Engineer: 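Structure incoming, see below.
Predicted, not measured: the structure shown is a model, and the values here were computed from it. We use all heavy atoms of the structure for the numbers below, so side chains are in, but hydrogens, waters and symmetry mates are not.
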Amino acid sequence: MNTLEDRYRQLRQRIANAALRLNKPEPTLLAVSKKHSSAAIHELYQLGQRDFGESYWQEADAKLNALSDLNIVWHFIGPLQSNKTRPIAEHFAWVHSVDREKIARRLSEQRPDHLPDLKICLQVNIDREETKAGVLPEHALALAKQVTALPKLKLAGLMCIPAKTDPAEAFQRMAGLQAELKQAGLSADTLSMGMSDDLELAIAEGSTMLRIGTALFGERE
């Protein structure tokens, strides 16, 4: 039977094999736990997984309470509206979906003083899809500078959800954008890109964080 433990170990091996074959550092595995149970998260935690990604505050709230005794690193990876920034700023360690200054400013203002700086990835609409959120590539540098200037935030890097047509080419452009930010003297070590179907392509282009749901948890209920 293909259990959660089996899938986790197979996925870790798949990532390690790809990194070795491509001569790249092994990226962090971010387990995308949205629409999956607290029990499944707890089981993965017992197996050694620490980073988990949620997309909806209402769903995440129950899980954070149920699993508050675990040392989980929570990542918010979903679309972020202005009226939902406060609980995200108060409870998450990372936000991967910042695409405009207004959202960054609210997160900065609402981040509690006793918590470490909130790590921010800018979501880039790398393929200019009308149905997707994200800052356009040519505006990413300006937004990165704005985020860097805000207190209680730390610019970590960039995130994308590429079109399914040619993810490899999109990942290449993301790597180029990261290089542009670094050349401007900005901290941008994280490239949050690559999911279940294209993780090898993402590793080849320098992904440092893979957001994996289906290959790990199975199909959502």
Side-chain angles (χ1 to χ4, degrees), residues 4 7-8 11-12 15 27-99 103-123 133-134 147 150-161 187-196 199 207-218 220-221:
L4 181 58
R7 290 193 297 269
Y8 180 64
L11 178 62
R12 295 302 308 232
I15 293 168
T28 298
L29 170 59
L30 174 54
V32 176
S33 48
K34 66 178 181 180
K35 304 291 187 186
H36 296 290
S37 68
S38 296
I41 296 171
H42 192 278
E43 184 179 345
L44 274 181
Y45 185 90
Q46 297 304 118
L47 294 169
Q49 179 64 24
R50 291 294 177 268
D51 293 86
F52 291 87
E54 292 287 330
S55 293
Y56 311 102
W57 166 247
Q58 199 165 0
E59 179 191 345
D61 186 23
K63 294 177 184 177
L64 267 69
N65 285 320
L67 302 165
S68 60
D69 58 324
L70 304 183
N71 191 27
I72 288 174
V73 181
W74 291 105
H75 299 242
F76 191 81
I77 59 174
L80 197 47
Q81 296 164 319
S82 297
N83 62 349
K84 293 283 168 62
T85 52
R86 183 174 294 281
I88 306 307
E90 290 175 347
H91 294 94
F92 283 76
W94 288 71
V95 177
H96 291 237
S97 47
V98 171
D99 61 0
I103 294 294
R105 190 169 295 282
R106 288 179 68 86
L107 290 170
S108 169
E109 291 167 352
Q110 294 164 346
R111 182 70 168 173
D113 291 333
H114 69 276
L115 293 178
D117 289 353
L118 183 60
K119 293 180 180 175
I120 301 294
C121 288
L122 305 184
Q123 181 172 349
V147 168
L150 291 169
K152 295 188 259 185
L153 301 184
K154 175 177 172 52
L155 179 68
L158 304 170
M159 181 271 256
C160 77
I161 306 169
S187 168
D189 293 331
T190 300
L191 267 184
S192 169
M193 61 186 197
M195 294 184 273
S196 297
L199 68 86
S207 171
T208 65
M209 193 173 291
L210 301 164
R211 306 185 309 277
I212 310 292
T214 304
L216 189 51
F217 291 97
R220 293 194 189 98
E221 295 172 10

Engineer: Under the 3.5 angstrom rule, does the side chain of S38 hit a backbone N or O of K63 as a donor-acceptor pair?
Structural biologist: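 No, S38 side chain to K63 backbone: no donor-acceptor pair under 3.5 Å.
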Engineer: What is the minimum heavy-atom distance between M193 and C160, and which atoms define it?
Structural biologist: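 Result for this residue pair: CB-SG, 3.9 Å.
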Engineer: With side chain to side chain contact (heavy atoms under 4.5 Å, CB included) as the test, pick out the partner of L118 among I88, V98, L107.
Structural biologist: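 Of I88, V98, L107, side chain to side chain contact (heavy atoms under 4.5 Å, CB included) with L118 is met by L107 alone.
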Engineer: For F52 versus R50, what's the shortest heavy-atom pair and its separation?
Structural biologist: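 Residues F52 and R50, closest heavy atoms: CD1-O, 3.6 Å.
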Engineer: Looking at NE2 of H96 and CD1 of I77, how far apart are the two atoms once the value is rounded to the nearest 0.5 Å?
Structural biologist: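 Answer for the NE2-CD1 pair, H96 versus I77, is 7.0 Å.
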Engineer: So do the side chains of L150 and I120 get within less than 4.5 Å of each other, counting heavy atoms only?
Structural biologist: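 Contact flag for L150/I120 side chains = no.
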Engineer: How close do A31 and Q49 get, heavy atom to heavy atom, and via which atoms?
Structural biologist: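 In this case the closest contact between A31 and Q49 is N-NE2, 3.7 Å.
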Engineer: Just how far is it from atom OH of Y45 to atom CG of D69, taken to the nearest 0.5 Å?
Structural biologist: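 One finds 8.0 Å between OH of Y45 and CG of D69.
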Engineer: How long is the span from the CD atom in E59 to the NZ atom in K34, to the nearest 0.5 Å?
Structural biologist: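 Reported to 0.5 Å precision, the distance equals 9.0 Å.
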Engineer: I'd like to know if the side chain of S196 reaches the main chain of A215, judged simply by a donor and an acceptor atom lying under 3.5 Å from each other, with no hydrogens or angles considered.
Structural biologist: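 A pair under 3.5 Å: yes.
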Engineer: At their closest point, which heavy atom of W57 faces which heavy atom of P87, and how far apart are they?
Structural biologist: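 W57 and P87 have their closest heavy atoms at CE2-CB, 3.4 Å.
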Engineer: Do I103 and V95 make a side-chain contact, defined as non-hydrogen atoms from C-beta onward lying under 4.5 Å apart?
Structural biologist: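 No. Closest side-chain heavy atoms not under 4.5 Å.
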Engineer: Within the supplied structure, the quantity of interest is the number of heavy atoms (other residues, nucleotides, ligands) at a distance under 6.0 Å from Q46 CD; does it exceed 12?
Structural biologist: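 Check passes, neighbour count above 12.
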Engineer: Just how far is it from atom OG of S97 to atom CD of Q81, taken to the nearest 0.5 Å?
Structural biologist: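 These two atoms lie 10.5 Å from each other.
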Engineer: Less than 4.5 Å apart, side chain to side chain, heavy atoms only: is that true for D117 and L153?
Structural biologist: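 No - every pair of side-chain heavy atoms lies 4.5 Å or more apart.
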Engineer: Test side-chain contact (heavy atoms from CB on, under 4.5 Å) on L199 and L11; report intermediate values, then the result.
Structural biologist: CA-CA 10 Å; L199 68 86; L11 178 62; 3.9 Å; yes
Engineer: Would you say K152 has more than 12 foreign heavy atoms packed within less than 6.0 Å of its NZ?
Structural biologist: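 Correct, the count exceeds 12.
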Engineer: Holding to side chain to side chain donor-acceptor pair (under 3.5 Å), I want the full list of residues that pass it with D51, two or more places apart in sequence or in another chain.
Structural biologist: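 Once residues adjacent in sequence are excluded, the partners of D51 under the side chain to side chain donor-acceptor pair (under 3.5 Å) criterion are H75.
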Engineer: So L122 and L155, do their side chains get closer than 4.5 Å, heavy atoms only?
Structural biologist: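 Yes, at least one pair of side-chain atoms sits under 4.5 Å.
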Engineer: Less than 4.5 Å apart, any side-chain heavy atom of I41 and any of L70?
Structural biologist: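 I41 does not reach L70 side chain to side chain.
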Engineer: How long is the straight-line distance from CG of L47 back to CZ of R7, given to the nearest 0.5 Å?
Structural biologist: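 R7 atom CZ to L47 atom CG measures 11.5 Å (nearest 0.5 Å).
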Engineer: Check whether any side-chain heavy atom of L67 lies under 4.5 Å from a side-chain heavy atom of W74, and answer yes or no.
Structural biologist: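 Yes, close enough: below the 4.5 Å cut-off.
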Engineer: Tell me whether K35 forms a cation-pi arrangement with Y56, defined as NZ or CZ under 6.0 Å from the six-membered ring centre and within 45 degrees of its axis.
Structural biologist: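 The answer is yes; both the distance and angle limits are met.
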Engineer: With sequence neighbours excluded, what pairs up with N71 under the side chain to side chain donor-acceptor pair (under 3.5 Å) test?
Structural biologist: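 With neighbours one apart ignored, the set is empty.
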Engineer: Are any side-chain N or O atoms of S33 and backbone N or O atoms of G53, one a donor and one an acceptor, separated by less than 3.5 Å?
Structural biologist: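 Indeed, once roles are kept as given, a pair shorter than 3.5 Å links the two residues.
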Engineer: What closest approach, in Å, do D99 and G134 show between heavy atoms, and which atom pair accounts for it?
Structural biologist: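 Looking at all heavy atoms of both residues, the closest pair is OD2-N, 3.3 Å.
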Engineer: May I have all residue pairs that pass side chain to side chain donor-acceptor pair (under 3.5 Å) and include part of residues 85-95, sequence neighbours excluded?
Structural biologist: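 Matches after skipping sequence neighbours: T85-R106, T85-Q110.
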Engineer: Would a 4.5 Å heavy-atom cut-off, applied to side chains only, mark L29 and I212 as touching?
Structural biologist: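 They are in contact (side-chain heavy atoms under 4.5 Å apart), so the answer is yes.
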Engineer: Calculate, to the nearest 0.5 Å, the distance between atoms CE and CZ belonging to M195 and R211 respectively.
Structural biologist: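 CZ of R211 is found 5.0 Å from CE of M195.
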Engineer: For A89, does its backbone N or O pair with a side-chain atom of R111 as donor and acceptor, under 3.5 Å?
Structural biologist: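 Here the side-chain-to-backbone pair exists.
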Engineer: Tell me whether the rings of F217 and H36 are parallel (<30°), tilted (30 to 60°) or perpendicular (>60°).
Structural biologist: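 The rings of F217 and H36 lie parallel, inter-plane angle below 30°.
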